[in-house]
There are 2 protein chains.
Amino acid sequence: MQNSFTEENYLKIIHALSGREGVEVSTNALAESTATRAASVTDMLRKLAEKGLIHYKKYQGVRLTGAGEKVAISVIRKHRLWEVFLVEKLGFGWDEVHEIAEELEHIPSDELVERLDAFLGHPRFDPHGDPIPDAKGNLTDPDYLILTDVNVGEKVLMMGVLDHAPSFLQHLDRSGITLGSVLEITEINEYDKSASVRINGTNTLFISLEVSKNLLVQRR
Amino acid sequence: MQNSFTEENYLKIIHALSGREGVEVSTNALAESTATRAASVTDMLRKLAEKGLIHYKKYQGVRLTGAGEKVAISVIRKHRLWEVFLVEKLGFGWDEVHEIAEELEHIPSDELVERLDAFLGHPRFDPHGDPIPDAKGNLTDPDYLILTDVNVGEKVLMMGVLDHAPSFLQHLDRSGITLGSVLEITEINEYDKSASVRINGTNTLFISLEVSKNLLVQRR
DNA sequence: AAAAAAATTTAGACTAACCTAAAAATATAT
DNA sequence: ATATATTTTTAGGTTAGTCTAAATTTTTTT
């Protein structure tokens, strides 16, 4: 049978929280992320376990099964493809698309997803630099660095963000940092780890540790 | 406050069933169209009346209020714009888009609808020839004829369909009848009212009364 | 105009997804 | 290792939208 909007959201969030290594996710963490109470999460976990979508033992946390991961990745694929559509075709800003994609990601129809993918030219990354799983559900995480791991003097390419909050993305817009920008760390302040960064070899600006922590980059 | 998916569907269906003159819609008709039971409809009508979206007096049938009509037309606008998107941009057939648009029509965000409209070039009609309400909610029904009202010898333009069933649309595809085709009635069979129709001045085919009844056309 | 039929509403129940409060299990601190 | 704190689960309840069966109202027929 079909999975509900809510079930899909739980699976997506479990996927996000269990990270690359597939660690167990706690009930409280899920309550936080779903904006519900722990008791509600417990109810849903029993249900998802019965459907064979998660591994769940009382008090032991939760992990996706193969079937659950398949659903989660399909939702992520749809979310990211719709984000590309909203930005590339409809002209939304990268800070405006998350909420709308949260709705669109639950529209069923494999045909729709595959045609959308083709219409968009089979994009590999969404507007925030997150990789788009392919139709078979292969999601290969590019191994980006966080800007805090880059040394003074190094030049890196801006490839993505960890924080997707509109306020953060708007801050990057105002700073002139976009996907593909070349960033060169010219100085790191010992005291607060803030940095001076030259962007595309031209203007230099200060960025706080808070910002550095949320920028994904790649050595060239 | 917001209207639910289900509430929007009731309003859309009341709109469709009450026709141009805004006649009262019966509980049973709504039960039929929503694929629920009359008792469920009654519950929903009480709720919609409380929200000021319908005029409802027990046993008297139901009519949209101004507010209700606004919601219904907004849903119709979204449905038809998404259908244009699916056909024009994603290459779906006109027989394949109804179900998907039934889902997409409930995605909220005025910004999304207006950008989609612009992206599509402000289309006036959907792939079935139905008029698309404008952003202000103006829905002007073009006064099309039904093919049964056309006489032998007349040439008309095929402008739309009344039946949206995939099987009917596929039948038209196989017959080579598309929006914009020029139809000339060359003969009407007295016995069963079936007709011979020349399409675009070339090939002629027989169409049954059942088909004629569902073709919307315009004199030129 | 009374009886019969049809349509509609009410009454009472169910499921999904949520809640609060209390109980139980696990983890942490002394 | 016991006491305390935290996390998680259970118990019991709520709302939206649905259901069936019974009661009521309206319509149709005789």
Side-chain angles (χ1 to χ4, degrees), chain A residues 1-15 17-18 23-64 68 71-72 75 102-103 105-108, chain B residues 1-15 17-19 23-64 67-68 71-72 75 102-103 105-108:
Chain A
M1 80 214 78
Q2 275 271 94
N3 304 303
S4 72
F5 187 105
T6 308
E7 288 167 341
E8 287 190 352
N9 268 333
Y10 271 86
L11 295 172
K12 180 185 63 170
I13 290 170
I14 292 166
H15 179 92
L17 294 180
S18 66
V23 299
E24 317 279 330
V25 178
S26 76
T27 299
N28 264 0
L30 281 169
E32 165 98 53
S33 288
T34 56
T36 64
R37 300 317 186 91
S40 310
V41 172
T42 301
D43 285 349
M44 180 58 81
L45 294 186
R46 190 163 345 89
K47 190 175 159 195
L48 292 174
E50 246 152 50
K51 291 180 94 173
L53 297 166
I54 59 174
H55 295 291
Y56 171 57
K57 267 169 295 175
K58 283 205 274 188
Y59 297 101
Q60 304 296 134
V62 72
R63 229 171 62 249
L64 293 177
V71 175
V75 173
E102 288 284 298
E103 304 281 333
E105 73 188 5
H106 302 290
I107 304 283
Chain B
M1 80 217 76
Q2 275 270 96
N3 304 302
S4 72
F5 187 104
T6 308
E7 288 167 342
E8 286 189 354
N9 268 333
Y10 270 87
L11 295 171
K12 180 185 63 169
I13 290 171
I14 293 166
H15 179 93
L17 294 180
S18 67
V23 299
E24 317 280 332
V25 177
S26 76
T27 299
N28 264 359
L30 282 170
E32 165 99 52
S33 288
T34 55
T36 63
R37 300 317 186 89
S40 311
V41 173
T42 300
D43 285 349
M44 181 55 83
L45 294 185
R46 187 158 354 85
K47 189 175 160 195
L48 292 173
E50 244 153 51
K51 289 179 97 171
L53 297 167
I54 59 173
H55 295 290
Y56 172 56
K57 266 169 295 173
K58 283 206 272 185
Y59 298 100
Q60 303 298 134
V62 72
R63 230 173 59 249
L64 292 177
V71 175
V75 174
E102 288 285 296
E103 304 280 333
E105 73 189 5
H106 302 289
I107 303 283

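In what follows, every heavy atom counts, from backbone to side chain, and hydrogens, waters and symmetry copies are set aside. This structure is a prediction, so every number in the text was calculated from the model and none was measured.
Residues B/Glu102 and B/Lys12 are paired through a salt bridge, judged by an N-O separation under 4.0 Å between the basic side chain and the carboxylate. Between A/Lys57 and A/Glu24 no salt bridge is recorded (no basic side-chain N to carboxylate O distance below 4.0 Å).
Summarising the geometry, the separation between CD on A/Gln60 and P on D/dT9 is reported as 9 Å, rounded to the nearest angstrom. Atom CD in B/Glu8 sits roughly 16 Å away from atom P in D/dA16 (whole-Å rounding). Following rounding to the nearest Å, B/Leu30 (CG) and D/dT18 (P) show an atom-to-atom distance of 12 Å. Rounding to whole angstrom units, NZ of residue A/Lys57 and P of D/dT8 are separated by 15 Å. The distance between atom CG of A/Leu45 and atom C1' of D/dT9, rounded to the nearest whole Å, is 11 Å. Atom CG of A/Asn9 is separated from atom P of C/dA16 by 17 Å (rounded to the nearest Å). Atom C1' of nucleotide C/dA11 and atom CZ of B/Arg46 are separated by 11 Å, given to the nearest angstrom. B/Glu32 has its CD atom 16 Å from the C1' atom of C/dT8, to the nearest Å.
Phosphate proximity of C/dA23 to A/Tyr59: absent, as no side-chain N or O sits under 4.0 Å from OP1 or OP2. Considering only side-chain N and O atoms, A/Thr27 lies under 4.0 angstrom from the phosphate OP1 or OP2 of D/dT9. Distances shown here put a side-chain N or O of B/Lys58 below 4.0 Å from the OP1 or OP2 atom of C/dT10. Taking side-chain N and O atoms only, B/Ser40 has no distance below 4.0 Å to OP1 or OP2 of D/dT18. Using a 4.0 Å cut-off, no side-chain N or O of A/Tyr56 falls inside it from OP1 or OP2 of D/dT8. Taking side-chain N and O atoms only, A/Asn28 has no distance below 4.0 Å to OP1 or OP2 of D/dT6. When the side-chain nitrogen and oxygen atoms of B/Ser4 are compared with OP1 and OP2 of D/dA16, none of them lie within a distance under 4.0 Å. The phosphate of C/dT20 has OP1 or OP2 within less than 4.0 Å of a side-chain N or O from A/Arg37.
Using a 4.0 Å heavy-atom criterion, one finds that B/Thr36 contacts the sugar-phosphate atoms exclusively. Among the atoms of the strands shown, none is found under 4.0 Å from any heavy atom of B/Phe5.
Smallest separation of non-hydrogen atoms from B/Thr27 and B/Ala38: CG2-O, 3.6 Å. Contact between B/Arg37 and B/Ala31 at its shortest, heavy atoms only, is C-CB, 3.8 Å.
Comparing D/dC19, D/dT26, D/dT9 by their closest approach to the side chain of B/Asp43 singles out D/dC19. Residue A/Met44 has its side chain nearest to C/dC18 when only D/dT18, C/dC18, D/dT9 are considered.
Under the 3.5 Å distance criterion, the side-chain polar atoms of B/Ser18 are matched with a main-chain donor or acceptor of B/Ile14.
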